[in-house]
Amino acid sequence: MDLLDIGRVLLGVLLLVGGGELLVRGASSLARRAGLSSLVVGLTVVALATSAPELAVTLDAVFDGQPELAVGNVVGSNIANVLLILGISALIRPLTVKRQLVRLDVPAMVGLSAIALVLAIGGAISPVGGVVLVTLLVAHTVLTVLVSRREARREERLAKRLSGETNSGGEGGEATHGVLVSIVLVAVGVGLLVLGARVLVVGAVNIAESLGVSGLVIGLTVVAIGTSLPELATSIIAAARGEQDMAVGNIVGSCIFNIGIVLGLPAIIAPGGEGIAVPDAAIALDLPLMIASALALAPVVFTGYAVARWEGAVFLALYAAYLAFVVLNSTRHEALDGFTFVLAAFLLPLVAVTLVATTLYEVKRRRERRAAMTVHPANTSA
C-alpha cells in the first residue's frame with residue numbers, strides 16, 4: 001500500500017466536498033434568480049453536472065470496445081444513486097419531497113428504466129433506441145420546468161391570499177449571488193467533482209490491487225461507486241444545508257440522465273452504427289435490478305411525501321446485500337448459494353412486505369384525514 005495512493009484518496013474526498021459545496025451554492029442561487037425550485041435545479045442542472053463522470057466513463061468504454069463496462073457503469077450507478085446515496089442522505093436528515101417528484105419524476109425514472117430494458121432485449125441498444133432515450137429525456141426536462149413554473153405560480157398566489165405579503169426572498173433566507181458568480185460556482189464545482197472522483201478512484205483501485213483484490217471485483221464496486229461520488233457529495237451537502245429538494249432531485253434526476261444521455265448518446269454515436277451491445281447477463285439480472293431499485297423508491301416517497309431515516313437505513317442494508325452478492329457472484333464463492341437463498345427467501349420478501357404495509361397504512365391515513373376534513377371543513381390548515 002503506497003502512501004501516495006492514501007494521499008490520493010484523501011485529496012479526492014476533499015475535492016468532492018469542496019466541489020459539492022460550490023455546486024450546491026451556485027445552483028441554489030441560480031434557482032432563486034430564475035424563479036425555479038431547488039427540486040427542478042436538482043433534477044436538471046445539478047443532475048446533468050453530477051452525471052459527467054458516468055458519461056465520460058461510458059464514452060471511453062464504447063470507443064474502447066468495452067460495452068459491458070458501458071452498460072454496467074450506468075446500471076451500477078443508478079442502483080448506487082437510489083440505495084446508497086439516498087440512504088446516506090436520509091440518515092443525515094429525513095428528506096421531504098414535493099408532489100411533483102411523486103407524480104412525475106419518480107414514474108419517469110421507473111418508466112425510462114423499463115424502456116431501457118425493452119430496448120436492450122435484442123442484445124443491443126441501437127442508434128434508434130438511443131434517439132428514443134434522448135428524446136424522452138428532453139421531453140421530461142421540458143415538462144419538469146413547465147410543471148414547476150405552474151406550481152410556483154400557484155403557491156405564490158396561495159401565499160399572497162394567506163399572508164397578504166409578497167415573498168421576494170425565494171426559497172430559504174440565504175443570500176443570492178450574481179448570475180455570473182453563480183455560473184462560475186457551478187462550473188468550478190463540477191470540475192472539482194469530476195477531478196475528485198477520478199483522483200479518489202485511482203487511489204482506491206491501486207490500494208485494492210495491492211491488497212490482492214481482483215480487477216473484476218474492483219470494477220463492480222470501486223469504479224461503480226466512484227462514478228457516483230459526485231452525486232453522493234452533492235446530495236449529502238444539500239441535505240446537510242437543508243436543501244432536501246435538491247438532494248432528492250439530484251438523485252432522481254441523475255438516474256434519468258444516466259439512462260437518457262449516458263446510455264442514449266453513446267448508442268447513437270457508437271462506432272460501426274450498431275449501438276451498444278448489452279450482455280445477456282445484464283438483460284437477465286442487472287437491468288431488472290435497476291428497475292427494482294427505482295420501484296423501491298416509489299412507495300417510500302409516496303408515504304408521507306418523505307424519506308425517513310429508517311427507510312434510508314433499509315436502502316443502505318439493501319445496497320450492502322447487493323454488493324455482497326456482486327462480490328460473491330464474481331468470485332464464485334462457495335457461500336454464494338446460501339447467501340442467495342437467504343436473500344431471496346427472507347430479506348427481499350421482508351422488505352417487500354414492509355413497503356406494502358407502509359403504503360397501505362399511509363393510504364388509509366390519508367383517506368381518514370380527507371374524511372375528517374369533509375366533516376370539519378374548518379380544519380383545512382392541517
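Values below: all heavy atoms of this structure, side chains included; hydrogens, waters and symmetry mates excluded.
I115 and V131 fall within the same hydrophobic cluster, where Ile, Leu, Val, Met, Phe, Trp and Tyr residues are linked whenever their side-chain heavy atoms come under 4.5 Å apart, directly or through other members. When the side chains of ILVMFWY residues are joined at heavy-atom separations under 4.5 Å, either directly or via intervening members, V134 and I269 end up in a single hydrophobic cluster. Put simply, L10 and L3 are part of the same group of oily side chains (I, L, V, M, F, W, Y) that touch within less than 4.5 Å, one to the next. Taking hydrophobic clusters as Ile, Leu, Val, Met, Phe, Trp and Tyr residues chained together by side-chain heavy-atom distances below 4.5 Å, L295 does not share a cluster with V118.
Considering only heavy atoms from C-beta on, L143 stays 4.5 Å or farther from H140 through its side chain. Here the side chains of L117 and I291 are in contact, with some heavy-atom distance below 4.5 Å. When side chains are defined from C-beta on, L287 counts as touching V278, because their heavy atoms get closer than 4.5 Å. Two residues are said to be in side-chain contact when any heavy atoms from C-beta on lie closer than 4.5 Å; L185 and V181 meet this criterion. With a 4.5 Å cut-off on side-chain heavy atoms, L136 and I259 do not count as touching.
When all heavy atoms of A90 and G312 are compared, the pair lying nearest together is CB-CA, 3.9 Å. Taking both residues in full, the closest heavy atoms of N78 and M290 are given as ND2-SD, 3.6 Å, listed atom of the first, atom of the second, then distance. Across all their heavy atoms, D105 and V252 have their closest contact at O-CG1, 3.9 Å. For the residue pair S89 and S235, the shortest heavy atom distance occurs at OG-CB, 3.5 Å. Of all heavy-atom pairs between C255 and V82, the closest is SG-CG2, 4.0 Å. Nearest heavy-atom pair across L95 and A247 is CD2-CB, 4.4 Å.
Between L318 atom CG and I79 atom CD1 the span is 11.0 Å, to the nearest 0.5 Å. Atoms CD1 and CG, on I121 and D280 in that order, are 11.5 Å from each other to the nearest 0.5 Å. Interatomic distance, CG of L316 versus CD1 of I85, reported as 10.5 Å (0.5 Å rounding). Between atom CG of residue L86 and atom OG of residue S293 there is a gap of 10.5 Å, rounded to the nearest 0.5 Å. Taken to the nearest 0.5 Å, the CD1 atom of I236 stands 4.5 Å off from the CD1 atom of I92. Remark: L263 CG to I276 CD1 distance equals 5.0 Å, nearest 0.5 Å.
Scanning for side chain to side chain contact (heavy atoms under 4.5 Å, CB included) contacts around S126 gives V128, with sequence neighbours left out. With sequence neighbours excluded, no residue forms a salt bridge (Lys or Arg N to Asp or Glu O under 4.0 Å) with R93. Under the side chain to side chain contact (heavy atoms under 4.5 Å, CB included) criterion, S51 pairs with E54, E231, S254, F257, N258, V262, not counting sequence neighbours.
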Item checked: L137 vs L133, side chain to side chain contact (heavy atoms under 4.5 Å, CB included): CA-CA, chis, key distance, verdict -> CA-CA 6 Å; L137 169 66; L133 293 177; over 6 Å; no

- When you look at L289 and V75, which way does the side chain to side chain contact (heavy atoms under 4.5 Å, CB included) test go after all the steps? CA-CA 8 Å; L289 282 177; V75 174; 5.8 Å; no

